[in-house]
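The structure under discussion appears below in the form of structure tokens.
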Number of protein chains: 2
Amino acid sequence: MLTSDMPSEKDIPDVTEAELAVMERVWSTPDVTIRAIADELYPGGGVAHYTTVQKLIERLEAKDFLRRDNSQMAHRFTAIVGREELIGRRLRAMAEKLCGGSMTPLLTSLVESSKLTAKEFDELRELIDKVSRKRKRS
Amino acid sequence: MLTSDMPSEKDIPDVTEAELAVMERVWSTPDVTIRAIADELYPGGGVAHYTTVQKLIERLEAKDFLRRDNSQMAHRFTAIVGREELIGRRLRAMAEKLCGGSMTPLLTSLVESSKLTAKEFDELRELIDKVSRKRKRS
DNA sequence: TGAGCATAAGACGCGGTGTCTTAGGTTGTC
DNA sequence: GACAACCTAAGACACCGCGTCTTATGCTCA
């Protein structure tokens with residue numbers, strides 16, 4: 001009863017840890033094959049490891065994270081959801097769970113809780129200046 | 001094998017969804033009791049619901065998210081980890097998993113997608129200055 | 001024709017998580 | 001003192017997500 005499954009967050013798919021490891025290869029290698037991913041994630045792995053990757057790919061495809069090209073016998077895969085998009089989704093989910101849906105408290109909390117290094121502070125300041133300047137022009 | 005449990009992220013505790021619901025009450029009510037939380041989360045709930053909250057509290061205490069005052073028979077609880085701190089932890093963990101530890105992509109996404117008004121931009125800038133000034137003094 | 005590699009589909013085990021059961025101690029009231 | 005009503009403490013439980021593995025089948029080429 002305490003686990004609220006509102007459609008607002010439930011409908012936007014995320015990836016598990018193993019799926020993310022697969023997506024990393026899909027992002028870095030264009031038209032990657034299952035074999036290539038398996039060889040990289042499980043060096044010297046057997047059939048079981050190969051089909052593990054296959055199952056992960058199958059689930060990622062079901063969640064529309066990647067597209068399959070089956071024109072050749074060994075299928076090729078391309079990312080639909082990029083890293084930036086995934087970051088955005090997770091930030092949004094986080095804002096939903098922790099801040100009533102607003103992204104602003106995420107920023108202010110980060111600043112207030114002193115969880116940023118001096119360097120990151122400077123980066124953030126610069127970023128804000130840039131965006132607010134750009135915002136003004138429109 | 002694909003699930004990497006490096007101590008960098010594993011050692012920093014997080015809360016589950018039900019635990020978060022409890023923390024919300026701990027944050028909002030000073031010196032809250034289990035009874036008060038249970039009555040709010042499970043209106044008209046029985047013994048089972050009460051002990052559910054109790055178990056969640058026990059786990060939160062084990063993770064040092066709250067402190068127990070057992071001077072009275074009905075124990076009182078106070079938050080150790082605040083919402084801001086929790087947000088910071090989750091953002092850090094996210095940077096770790098998705099950006100190799102760098103916060104920059106997260107900050108970029110946050111600033112761009114949090115539709116800040118000009119006024120909020122100024123407020124945030126001010127906040128950053130204040131905190132970074134305080135930082136320098138120590 | 002058989003070896004090698006691909007896909008497809010299902011089953012499995014483990015661990016996390018929310019929940020519940022049970023036992024026992026303290027307080028207040030008749 | 002006895003009893004009800006509250007509290008704590010500790011463990012067990014069921015469900016489910018997730019990573020993994022098994023098995024069956026098909027295509028390609030020496």
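Below, read A as the first sequence line, B as the second, and so on, with proteins coming before strands; counting in each chain starts at 1.
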Exercise for the section: Taking atom CD of A:E85 as the centre, report whether more than 12 heavy atoms of other residues, nucleotides or ligands fall under 6.0 Å from it. Expected result: yes
Problem - Considering all heavy atoms, the nearest B:S114-A:T104 contact - result: CB-N, 4.3 Å
Problem - 5'-most by nearest nucleotide on DNA chain D - B:M1 or B:E58 - result: B:E58
Problem - Proximity to DNA chain C (any heavy atom under 4.0 Å), residues of residues 47-57 of chain A only - result: A:Y50, A:T51, A:Q54, A:K55
Exercise for the section: Starting from the C-alpha separation in whole Å, work towards a yes-or-no answer on side chain to side chain contact (heavy atoms under 4.5 Å, CB included) for B:V15 and B:F65. Expected result: CA-CA 9 Å; B:V15 297; B:F65 270 80; 3.5 Å; yes
Problem - Atom pair distance, as rounded to whole Å: CD1 in A:I37 and C1' in C:dA6 - result: 14 Å
Problem - Value in whole Å for how far the P atom of C:dC5 lies from CG of A:D39 - result: 10 Å
Handout entry: Distance in angstrom units between B:L20 CG and C:dT17 C1', rounded
Key = 14 Å
Problem - Below 4.0 Å: OP1/OP2 of C:dA6 and any side-chain N or O of A:R35 - result: yes
Practice task
Return the value, rounded to whole Å, for the distance between atom CG of B:N70 and atom C1' of C:dG25.
Solution key: 14 Å
Completion exercise
On a heavy-atom basis, the closest approach of B:K97 and A:L20 is O-CD2, 3.8 Å
Fill in the blank from the handout: B:E19 CD to C:dT19 C1', in whole Å, measures 13 Å
Problem - Spacing of B:L106 atom CG and A:R90 atom CZ [to the nearest 0.5 Å] - result: 10.5 Å
Exercise for the section: Please say which of A:V32, A:V26, A:D31 ends up in a side chain to side chain contact (heavy atoms under 4.5 Å, CB included) with A:T29. Expected result: A:V32
Handout entry: Nearest-angstrom distance from the residue atom NZ of B:K63 to C1' of C:dG16
Key = 10 Å
Problem - Atom of A:I57, atom of A:I37 and distance for their closest heavy-atom approach - result: CD1-CD1, 4.0 Å
Problem - A:E126 side, atom CD; A:D129 side, atom CG - distance, nearest 0.5 Å - result: 7.5 Å
Give each protein N/O atom lying under 3.5 Å from an N/O atom of nucleotides 25-30 of chain D, with the pair distance.
none

Practice task
May I ask you to evaluate whether A:R68 reaches the phosphate of C:dA8, defined as a side-chain N or O under 4.0 Å from OP1 or OP2?
Solution key: yes
Handout entry: Shortest non-hydrogen separation from B:V111 to A:R135 and the atoms involved
Key = O-NH2, 4.2 Å
Exercise for the section: Kindly indicate whether the side chain of B:R59 and the base of C:dG16 share any N or O donor-acceptor pair separated by less than 3.5 Å? Expected result: no
Completion exercise
note: B:E17, atom CD; C:dG16, atom C1'; distance rounded to Å ~ 14 Å
Handout entry: Atom-pair distance (CG on A:L60; C1' on D:dC18), nearest Å
Key = 13 Å
Handout entry: Which residue lies more 5' along DNA chain C, comparing A:F77 with B:T16 via nearest heavy atoms
Key = A:F77
